[in-house]
Structures are given as C-alpha cells and as structure tokens.
Asker: 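Please find one structure pasted underneath; my questions will follow.
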Protein chains: 2
Amino acid sequence: MEPSTNVLDLNLLRRSCSSCALNELCLPAGIGGDDLTRLDGTVKDKRTLERGGVLYRDGDPFKALYVVRSGSLKTFVQNEAGDTQILGFHLPGEIIGFDALASNRHASQAEALERSSICELPYAQLQQVTSEVPALHRQLMRVISREVVEEHRHLVMMGRQQAQEQLAIFLKSLADRYERLQRDGAALTLTMSRYDIANYLGLVVETVSRLFSRMEEMGVLEVNRKAVRILRPDLLADLCRNGHPTGSRRNDAG
Amino acid sequence: MEPSTNVLDLNLLRRSCSSCALNELCLPAGIGGDDLTRLDGTVKDKRTLERGGVLYRDGDPFKALYVVRSGSLKTFVQNEAGDTQILGFHLPGEIIGFDALASNRHASQAEALERSSICELPYAQLQQVTSEVPALHRQLMRVISREVVEEHRHLVMMGRQQAQEQLAIFLKSLADRYERLQRDGAALTLTMSRYDIANYLGLVVETVSRLFSRMEEMGVLEVNRKAVRILRPDLLADLCRNGHPTGSRRNDAG
DNA sequence: GCCTGCTGTTGACCTGGGTCAACCAGGCAG
DNA sequence: CTGCCTGGTTGACCCAGGTCAACAGCAGGC
C-alpha cells in the first residue's frame, strides 16, 4: 500500500491527460499540476474498438473504468427473457463502467457504435491514486453522481413523456453534448441505428421513423439517414415540453 | 484537514452503528472494529420525519447523505412542466442523497411515506473518514454503484415491460427487500399510495387499481387497502416474466 | 354524529403507439 | 452489374392502457 512505482510507470503513457482536449470534461476536471501527473500515470494504454466491438460484457470481472476518447458507444442490459434495454449512448469524455463497482462484475454491456478509442483506468491503481489525491476522489464521486442524475432524466423521459417529446429531448441532449465537445450542435451524426434510438426511448423503430418524418415535415429537422440537421432549435426546444399540448396527465403525484 | 477531533465527537451519538440491526445492509457492511467506531462518530443526531415530511428538496444545498433507519421514504424529481416522476421507495438500511454529489445541490426531493427516522451522515465529516479508512471508501462506492444498477432495473421495467409485469416486479422487489430486513416477505404493507405506485411505474392509478384486482382474482394476491398478502409467490414470479405470454416485442436490439 | 375530502375501485370509451406487412435504398459479395 | 441483406420508411389496422366519470369507504375536522 505504499506509493508504488508502477502507479507512475510512464511507459504505459501515450498522450497525457494534461494535453488531452477532453481535459475539462473528463476526470481531470479541476485537478492540477502534480496531481494530474499522477492521474496520468494510471491511464493505461488506449484501446481501439471497431464498430460493434465489445468493451465489456455483462458478468465480466471488473478491472477498470473506461473513458471514451473518440467515437461513441452504447451500454445496455439484457434481462433473463433476453430483451435488451439500452441505457445510454456515450460520447468522448464520458466515463463508463461504474455499475461494476457494486459487485465487482459488470452489470451491463458496452459496445462501440463506430471505430472508437478508449482510455482505460485500471481500478486498483485509480483507487491508490484517489486515496492520495482527495480532489480526485471528490471528482470521481461527482462523475458517478452525474451518472445517477443522468439516469433520473432518462427515467422521467420514459415515464412521463410522449413519444415525440422523448425524441425531441433525445436530440436536444445530443446537440448539447456536441456543443460541449465544441462540435456543431446543429449537425448531428447519429452513430446509433434507429433500432437503438427506439430501444433507448422504450419505443419501436416504426414510431421513431415516423417521428423523424413528422419533425422533418414540421420543418424542425432535415433528416438524411444518419445525418440530422436541426433547422429550428427553438421549435425543437418547444417540442421537448410539448408532446402534450392540451396538458395530458399520466398521474401527477401522490 | 488534519484528523480532527470533532470527527469522533461522541456526544452526537445516540445508538451506534455497531449495535444497529441494519449493520450489514448499511454503510458499515464489511467494516470492522476501530474503523466502525470512526464511522459511528460521523453519524449525526437521528432525525424523525412525520408522514409527508420533507428530508430535502430539489435545489437544497448538499450537506449530508441520509440512511433510512425506520419507516420509508420516496424520492422524486419534478420537471419544469411540473410533472413528477418517482425515482424510488426507500426502506431501512438504504442510503439516499447521492444525486447531490454532482453539483452540490440536491437534484430530487425526499419525502417520508410514514413516520420515519433517519441517520444523517454529514458529508464533510464522512469524506474525512473515508479518506482515512479505505474500506469505507470502497463501501461507499459500492453503495452508490448499487444505486446505479438499481436504476437500470427501473429503466428496463419501464421501457420493456407490460403493466402487469411491472406491478409484479415491483411487488416482488418489495418482498425481497422485506426479507432482507427479516420481515415477512409475503405480508407487505404498502406505505405509498396507489398514485405513487402508478407514477413510479409510469402508469396511471386506474391501471394499477385494476391490476391489483386482476391479480387478486387470479389468486396471486390478497389485497386489503394497504395490506397486500402474496398468496402465490410462484405465480407472482411467473408474472414478472409473463406480461407478454405470446412473446411481445418492443424492439429488441440494434 | 355528520360532513367533506381524500384514496381507491370500477365501468365505458378512446387513442397513441404497437403490430404486421409491403417496400425502398444503400452496401457489399460474388 | 446483379442479387441479397440489413436498415429504414410508410401504410392499414388493432389493442393496452390512458381518459373520463361515477361512486364507495375510510379519515379527519367540527
């Protein structure tokens, strides 16, 4: 348990966190100088996944957390009956694998939606560093808490929103995340299939397909296969609140 | 930041974690002797809430995590439009408040469903202790990760299951948690209203009410207002997989 | 006791979105 | 180039569950 040498094994390093563009979105956010160097040391060799490549599957022993460095992934669970629920789509800077902390086994599967590269954070070493760098510990807790909040949003979307609102919210959230990455939030590239989107929202493909068409007719979007352009962000924002123009309920309290 | 004295201020203690029946379900799980005493020191005066009492609301500054000691609570979020989504019902031994770690403000509201008592874990002190007791740090991460996994279950239930399956799963999960608490898992007391149950499942009251009646007709349950007796746990377990006898889809992958 | 107001139940009806089926457009193997 | 296969779209139809309305029962206030 002494500050071991392999924690700082610089051979494992390719490009450092300090020079990474995702810096402020990722674990290093708010971590400075020396401490950042130590975090850097724990980041293992970056992995590359092809489209469809599996980062971890349900039941795999927990070894590391992962940061999306480029590309995109989906995470999903499958119940005994074999049906799948997509939990999230993950863009660069997002950290996945937290569900494995509970039982030391992954409780979901992570799969690349396109060629993606991944930073691996071996948990044993990460733990060592967090115990020495309180700021990192706090940051780690913040990140996992953010995941909890994110899931609450997903839950609200599924439980209370109409199909059209759901898709609008999904697109809006994607646009927002694009902008955080300094990309054009109006020009989305949907790396996931319509099936994936439908599944994520608790709908079926046909519904999603129809909704894309409808939003295109409304002049909100321009849809061209995977390329979606948001023509009227204002209308899209309206749709996020407006699946139920007449104020539908679905049981509003207790 | 030095090992301060107030961390071990024994005046704040009523009954210690070490003597608490929830010991093994709660934060102390796997924590022994000396370390447990230190954790004990951080647990502040227990609070009591009446039915409907609010533990924290959305936007409140984050001060502490909370453990349900007795009774039960619900947590929920409200979106701008004002509609509510219940995130969970919390029984003794369960820890709530993690969503506040992300932004230092609570992102949900917690409300007592009946007279309940709560252990307060002031986060500043908890952090101090976790930094000194690695086992506690791990346990804390495990607990929050468990919350993530739990939310995934909720998501699957909402996204993929039929109404009847959902209610069956809800009852089953409640029964399981009763048993972990050494209570009779066949004799449930639903401290939450039908509205709450419906909201939690993304349904409306009428549907839930009808489902209770249907399950009673089927001989699975005996329902008497808040008192629900599970007459046929085997059938209930079947229903958890069997809302769709003919193998419905709702879009099964990507 | 009686009234009032919640919570829960039941019935009749309606609709959003699921189901089924046909078809189209790229992508790629041969 | 051709044919197949996968992903996506569109139309016609249907049903689980939402909506609306009436009512029952218990709880709390006076």
Side-chain angles (χ1 to χ4, degrees), chain A residues 51-52 74 83 86 113-114 157-168 189-217 221-228 239 242-254, chain B residues 50-52 74 83 113-114 157-168 189-217 221-228 239 242-254:
Chain A
R51 176 179 154 79
K74 64 175 172 185
D83 37 30
I86 293 184
L113 293 167
E114 60 186 315
M157 193 168 67
M158 273 207 184
R160 310 249 79 73
Q161 252 83 42
Q162 307 282 111
Q164 182 172 274
E165 289 176 282
Q166 289 189 68
L167 187 59
T189 307
L190 304 179
T191 56
M192 67 296 290
S193 71
R194 299 287 194 265
Y195 282 85
D196 285 338
I197 298 173
N199 183 294
Y200 175 74
L201 299 174
L203 303 169
V204 315
V205 224
E206 294 92 325
T207 304
V208 169
S209 186
R210 277 185 251 272
L211 288 172
F212 271 119
S213 306
R214 198 199 299 176
M215 287 186 180
E216 197 164 22
E217 273 165 40
L221 305 177
E222 187 182 282
V223 183
N224 195 331
R225 288 184 76 63
K226 309 240 147 218
V228 171
L239 290 180
N242 265 316
H244 48 176
T246 110
S248 138
R249 59 191 249 261
R250 195 181 319 181
N251 174 13
D252 232 12
Chain B
E50 295 304 319
R51 174 179 156 79
K74 64 176 173 184
D83 35 32
L113 294 167
E114 60 187 314
M157 192 168 68
M158 273 209 187
R160 311 248 78 75
Q161 251 85 42
Q162 306 283 111
Q164 183 173 273
E165 290 177 281
Q166 290 189 66
L167 187 59
T189 307
L190 304 179
T191 55
M192 68 294 291
S193 71
R194 299 286 195 266
Y195 281 87
D196 285 338
I197 298 173
N199 183 294
Y200 175 74
L201 299 174
L203 303 170
V204 313
V205 223
E206 294 93 323
T207 304
V208 169
S209 186
R210 277 185 250 274
L211 287 172
F212 271 119
S213 305
R214 199 200 298 175
M215 287 185 179
E216 197 164 23
E217 272 166 42
L221 306 177
E222 187 182 283
V223 183
N224 197 329
R225 285 183 77 61
K226 309 241 146 218
V228 170
L239 290 181
N242 266 314
H244 46 179
T246 110
S248 138
R249 62 192 248 261
R250 195 179 324 177
N251 174 14
D252 235 10

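Convention: sequence-line order gives letters A, B, ...; per-chain numbering from 1.
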Asker: Could you tell me the separation between the CD atom of Glu217(B) and the P atom of dT9(C), rounded to a whole number of Å?
Answerer: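 For the pair Glu217(B) CD and dT9(C) P, the rounded distance is 13 Å.
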
Asker: When rounded to the nearest 0.5 angstrom, what is the spacing between CZ in Arg194(A) and CD1 in Ile197(A)?
Answerer: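 Output value for this atom pair is 5.5 Å.
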
Asker: In this structure, how many angstroms lie between the P atom of dG17(C) and the CG atom of Leu203(B), rounded?
Answerer: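 Atom CG in Leu203(B) sits about 14 Å away from atom P in dG17(C).
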
Asker: Starting from C1' on dG8(D), measure out to CG on Asn224(A) and report it in whole angstrom.
Answerer: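 The answer, rounded to whole Å, is 12 Å.
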
Asker: Please lay out, stage by stage, how Asp196(B) and Leu190(B) fare under the test side chain to side chain contact (heavy atoms under 4.5 Å, CB included).
Answerer: CA-CA 10 Å; Asp196(B) 285 338; Leu190(B) 304 179; over 6 Å; no

Asker: What is the distance, to the nearest angstrom, from the CG atom on Asp196(B) to the C1' atom on dT7(C)?
Answerer: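 Computing the Asp196(B):CG to dT7(C):C1' distance gives 11 Å.
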
Asker: Provide a list of protein-nucleic acid N or O atom pairs under 3.5 angstrom, restricted to nucleotides 10-14 of chain C.
Answerer:
unit_1  : atom_1 : unit_2    : atom_2 : d
dT10(C) : OP2    : Ser213(B) : OG     : 2.3
dG11(C) : N7     : Arg210(B) : NH1    : 2.9
dG11(C) : O6     : Arg210(B) : NH2    : 3.4
dA12(C) : N6     : Arg210(B) : NH2    : 3.4

Asker: Does Glu50(B) have any salt bridge (charged side-chain N to carboxylate O under 4.0 Å, His left out) partners at least two apart in sequence or in another chain, and if so, which?
Answerer: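 Salt bridge (charged side-chain N to carboxylate O under 4.0 Å, His left out) list for Glu50(B), sorted by chain: Arg115(B).
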
Asker: Out of curiosity, Arg225(A) CZ to Thr189(A) OG1, how far, rounded to the nearest 0.5 Å?
Answerer: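 One gets 13.0 Å once the value is rounded to the nearest 0.5 Å.
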
Asker: Is there a side-chain contact between Arg194(A) and the phosphate of dT9(D), meaning an N or O under 4.0 Å from OP1 or OP2?
Answerer: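 It does, given that an N or O in the side chain of Arg194(A) lies less than 4.0 Å from OP1 or OP2 of dT9(D).
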
Asker: Check whether any side-chain N or O of Lys226(A) sits under 4.0 Å from OP1 or OP2 of dG7(D), and answer yes or no.
Answerer: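 So the side-chain polar atoms of Lys226(A) never come under 4.0 Å of the phosphate oxygens OP1 or OP2 of dG7(D).
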
Asker: Could you state the atom-to-atom distance from CG of Leu190(A) to P of dT9(D) in whole Å?
Answerer: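 Distance check: Leu190(A) CG to dT9(D) P gives 10 Å.
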
Asker: Distance from Leu221(A) atom CG to Leu211(A) atom CG, nearest 0.5 Å?
Answerer: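 Leu221(A) CG to Leu211(A) CG: 10.0 Å, rounded to 0.5 Å.
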
Asker: Return the value, rounded to whole Å, for the distance between atom CZ of Arg51(A) and atom P of dT6(D).
Answerer: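 After rounding, the reported distance stands at 13 Å.
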
Asker: Could you walk me through whether Leu201(A) and Thr207(A) pass the side chain to side chain contact (heavy atoms under 4.5 Å, CB included) test, one step at a time?
Answerer: CA-CA 11 Å; Leu201(A) 299 174; Thr207(A) 304; over 6 Å; no

Asker: Apply the test side chain to side chain contact (heavy atoms under 4.5 Å, CB included) to residues Lys74(B) and Met192(B): give CA-CA distance (whole Å), side-chain angles for both, the deciding distance (0.1 Å), then the verdict.
Answerer: CA-CA 8 Å; Lys74(B) 64 176 173 184; Met192(B) 68 294 291; over 6 Å; no

Asker: Quick one: bend of the helix from dG1(C)-dC30(D) to dG30(C)-dC1(D) from 5 pairs per end, to 10°?
Answerer: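 Comparing the first five pairs with the last five, the axes sit 40° apart.
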
Asker: Could you state the CG-P distance from Leu201(B) to dG18(D), rounded to the nearest angstrom?
Answerer: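 Atom-to-atom, Leu201(B) to dG18(D), this comes out as 10 Å.
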
Asker: Report the distance from atom CD of Gln164(B) to atom P of dC15(D), rounded to the nearest whole Å.
Answerer: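 From Gln164(B) CD to dC15(D) P: 18 Å.
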
Asker: Working to the nearest 0.5 Å, report the span between CZ of Arg160(A) and CG of Asp83(B).
Answerer: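 Reported to 0.5 Å precision, the distance equals 6.5 Å.
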
Asker: Relative to the 5' end of DNA chain C, which residue comes earlier, Arg225(A) or Ala163(A), by the nucleotide with the nearest heavy atom?
Answerer: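 Of the two residues, Ala163(A) wins.
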
Asker: Grab the two heavy atoms, one from Ala198(A) and one from Val204(A), that are nearest each other, plus how far apart they are.
Answerer: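 In this case the closest contact between Ala198(A) and Val204(A) is CB-C, 3.5 Å.
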
